Amino acid sequence: KKTKGSSSDIQKVVKCVIEQKLSPAIVFSFSRRECEALALQLCRSKLQLTGEEDQESIKEVFQNAIGCLSDEDQELPQIKLFLPMLLAGVGVHHSG
């Protein structure tokens, strides 16, 4: 059971990977819902996986990528949540 102030398992794994200088890393999940939930957990954690320079590049690439979407599509919740995840150094991909 997770107590207030404790880290989730995914946070512990990623923190260990960083401390052991094994990053970048890929974490696999076999559920689309779990994949997204794990990504959000990491984004809400205090782990910072990108620096300022990386974040500027990420913003630029993201803006270029969504530029081809309609204004309506750019406002979709999935799109709005994606940039904060990328800026935190977390990306997701699922096949479903």
Side-chain angles (χ1 to χ4, degrees):
K1 182 178 176 181
K2 187 176 173 187
T3 60
K4 187 175 180 179
S6 70
S7 297
S8 69
D9 288 342
I10 190 67
Q11 291 168 328
K12 290 175 186 174
V13 168
V14 171
K15 186 177 179 183
C16 180
V17 166
I18 293 167
E19 288 171 351
Q20 298 295 318
K21 299 186 184 332
L22 299 171
S23 62
I26 298 173
V27 176
F28 288 91
S29 171
F30 296 103
S31 158
R32 180 179 59 87
R33 185 173 291 153
E34 183 182 42
C35 177
E36 292 169 354
L38 292 171
L40 287 172
Q41 280 181 35
L42 285 173
C43 289
R44 292 178 180 140
S45 74
K46 302 289 185 205
L47 293 173
Q48 188 57 49
L49 306 174
T50 58
E52 285 183 37
E53 190 175 318
D54 289 333
Q55 290 178 358
E56 289 303 316
S57 295
I58 290 166
K59 286 178 193 174
E60 183 179 338
V61 169
F62 183 81
Q63 292 305 322
N64 289 336
I66 68 165
C68 64
L69 298 176
S70 69
D71 291 343
E72 185 178 329
D73 285 349
Q74 289 183 27
E75 296 301 315
L76 290 169
Q78 302 92 315
I79 300 299
K80 289 187 155 285
L81 284 173
F82 206 58
L83 181 57
M85 282 194 283
L86 294 174
L87 291 173
V90 177
V92 297
H93 172 72
H94 50 76
S95 63

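Note that this is a predicted model, so its numbers are computed, not measured. One-based numbering along the sequence shown.
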Gln55-Ser57 side chain donor-acceptor pair, cut-off 3.5 Å: no
Ile10 and Lys12: CA distance, side-chain angles, deciding distance, side chain to side chain contact (heavy atoms under 4.5 Å, CB included) verdict: CA-CA 5 Å; Ile10 190 67; Lys12 290 175 186 174; over 6 Å; no
Heavy-atom pair with the smallest gap, counting every atom of Phe62 and Leu86: CD1-CD1, 3.9 Å
Closest non-hydrogen atom pair, Leu38 against Ser29: CD1-CB, 4.2 Å
Minimal non-hydrogen separation, Leu87 against Gln48, with atom names: O-NE2, 3.4 Å
Ser23 side chain to Val17 backbone, donor-acceptor under 3.5 Å: no
OG1-CD1 distance between Thr50 and Ile58, expressed to the nearest 0.5 angstrom: 5.0 Å
Residues that, via side-chain heavy atoms closer than 4.5 angstrom, fall in one hydrophobic cluster with Phe30: none
Verify same cluster id: Ile79, Val92 (apolar side-chain graph, 4.5 Å): yes
Side-chain donor/acceptor of Gln41 to backbone N/O of Gln11, under 3.5 Å: no
4.5 Å side-chain heavy-atom contact, Val14 and Leu49: yes
Salt bridge (Lys or Arg N to Asp or Glu O under 4.0 Å) partners of residues 78-89, not counting sequence neighbours, each pair once: Glu75-Lys80
Euclidean distance, Phe28 CZ relative to His93 NE2, rounded to 0.5 Å: 9.5 Å
Spacing of CD belonging to Glu36 relative to CE belonging to Met85, to within rounding of 0.5 Å: 7.0 Å
Same cluster (ILVMFWY, side-chain, under 4.5 Å), Leu42 and Ile18: yes
Residue pairs fulfilling salt bridge (Lys or Arg N to Asp or Glu O under 4.0 Å) with at least one residue in residues 59-73, sequence neighbours excluded: Glu56-Lys59
